[in-house]
Amino acid sequence: MDKAYSRGRILIMLGVILALIVVDHLNSPTFAFNSGQGNVQTALTQRDESACAPCGAPCPSTRN
């Protein structure tokens, strides 16, 4: 009796489906928004370059 499915074909089809999902995700507006490319200010793009701390906090000497 022949098998209805082969393991290789199933793995290839799952790989193709996974590739399509990844391509769709990378081209989605949500991914662009979350990566700071959606023309929206995000935490990553709002970071103050002149701040002392790596998190963007102001220097202790400039706090009021």
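F31 and L18 fall within a single hydrophobic cluster, where Ile, Leu, Val, Met, Phe, Trp and Tyr side chains are chained together by heavy-atom contacts under 4.5 Å.
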Worksheet entry | Working for side-chain contact (heavy atoms from CB on, under 4.5 Å), residues D24 and L20 | CA-CA 6 Å; D24 181 57; L20 290 173; over 6 Å; no

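When the side-chain contact (heavy atoms from CB on, under 4.5 Å) test is applied to T30, the partners found at least two apart in sequence or on another chain are S28, N34.
Between atom CD1 of residue I12 and atom OG of residue S6 there is a gap of 7.5 Å, rounded to the nearest 0.5 Å.
As a member of the Ile/Leu/Val/Met/Phe/Trp/Tyr network built from side-chain separations under 4.5 Å, I21 groups with I17. L14 shares a hydrophobic cluster with Y5, I10; the chain of contacts runs through ILVMFWY side chains whose heavy atoms sit under 4.5 Å apart.
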